[in-house]
Amino acid sequence: MLTRKEFEEAKQAAFRMISDSGVHILPEEIDKINVADFGLSDLANQGIEVFTMFATERISAKVLVLFPNQTEPEHWHPPVDSDPGKEEIIRAIKGKVRFYIPGEDNMKEGFIPKGKDAFYTCRNEIVLQPGDQLTLPPGTPHWFQTDQEGAVMYSFSTCVRDVLDGFTDPNIVRTTQIVEG
Ligand code: ZN
């Protein structure tokens, strides 16, 4: 869970990083930024900040922010009825993003969050610099991480159903709980 103060501060920090990346975001759009700690109460290390530009029944466009050294936990977007699951294209805007997908273990630059080895099984590292993009086919497990400078990236995808995402770490809760105070 996050305190209201942590949530608001994270939103503001994400807003500044998006603005500094050159992506135009209006002041009133700060409330379209969501902060996810995945129920782990360790936002600085594991979590993500998401500015949803739009999300319709069929497509969505988001700007994702990773704070310095922050990691988005390993997950996948499962099929729903006749839909094979979310297909997602990531395009790095600012900072370096390290993606991990199934395949040969070539992990060089990244690190597994402390004590969480069992929950980060993908070790095939793909490093994205600004302007690089990566397509994640439906159902592909993935996790991603940035370095000490943080990162901002686009995520374009088919219909989003975040609450149905699967996570390797059984302790994860997708909906962020905010406690007042
Ligand atoms: Zn994903």
Side-chain angles (χ1 to χ4, degrees), residues 10 14 17-18 21 23 32-40 42-67 69-81 83-103 107 109-113 116-147 150-176:
M17 284 178 69
I18 293 169
S21 77
V23 173
K32 291 186 183 173
I33 299 175
N34 198 8
V35 179
D37 79 335
F38 301 98
L40 300 172
D42 187 24
L43 185 68
N45 295 304
Q46 294 180 92
I48 193 158
E49 295 68 44
V50 180
F51 166 42
T52 299
M53 293 185 285
F54 62 83
T56 74
E57 286 294 306
R58 300 178 72 197
I59 55 171
S60 92
K62 301 169 168 184
V63 176
L64 311 180
V65 175
L66 286 176
F67 292 151
N69 296 311
Q70 198 179 32
T71 302
E72 151 102 24
E74 185 172 282
H75 65 282
W76 59 95
H77 309 288
V80 182
D81 301 327
D83 182 334
K86 182 167 92 168
E87 179 177 18
E88 183 172 21
I89 293 152
I90 299 288
R91 182 180 172 96
I93 302 170
K94 189 165 191 225
K96 185 195 280 185
V97 197
R98 299 183 288 254
F99 261 84
Y100 298 89
I101 58 174
M107 192 166 172
E109 297 188 13
F111 61 90
I112 306 290
K116 301 284 183 172
D117 292 69
F119 306 141
Y120 289 85
T121 63
C122 299
R123 304 289 169 93
N124 188 243
E125 183 179 80
I126 299 171
V127 178
L128 303 185
Q129 302 281 0
D132 289 340
Q133 54 187 55
L134 175 68
T135 300
L136 295 161
T140 309
H142 54 283
W143 60 277
F144 50 102
Q145 180 177 72
T146 187
D147 62 11
V152 179
M153 70 209 92
Y154 285 116
S155 160
F156 303 105
S157 75
T158 55
C159 174
V160 174
R161 299 183 188 86
D162 285 345
V163 289
L164 300 179
D165 287 351
F167 287 89
T168 310
D169 183 347
N171 303 306
I172 282 179
V173 182
R174 183 60 185 89
T175 308
T176 304

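Start at 1 with the first residue, then count along the sequence. Values below: every heavy atom of this structure, side chains too, minus hydrogens, waters and symmetry copies. On a predicted model such as this, the values are computed, not experimentally measured, just so you know. Both counts, for ligands and for their atoms, begin at 1 and track the order of listing.
Side chain of Glu74 to backbone of Cys122: a donor-acceptor contact under 3.5 angstrom is found.
Classification of the Phe167-His75 ring pair by plane angle, with boundaries at 30° and 60°, yields tilted. Using cut-offs of 30° and 60° on the angle between ring planes, the pair His142 and Phe144 is parallel.
With values rounded to the nearest 0.5 angstrom, Glu87 atom CD is found 6.5 Å from Thr158 atom OG1. In this structure, CG on Asp37 lies 8.5 Å from CG on Asp42, to the nearest 0.5 angstrom.
Between Asp169 and Lys116 there is a salt bridge, with a side-chain nitrogen of the basic residue lying less than 4.0 Å from a carboxylate oxygen of the acidic one.
Sorted by chain and number, the protein atoms of type N, O or S within less than 2.8 Å of the Zn ion (ligand 1) are His75 NE2, His77 NE2, His142 NE2.
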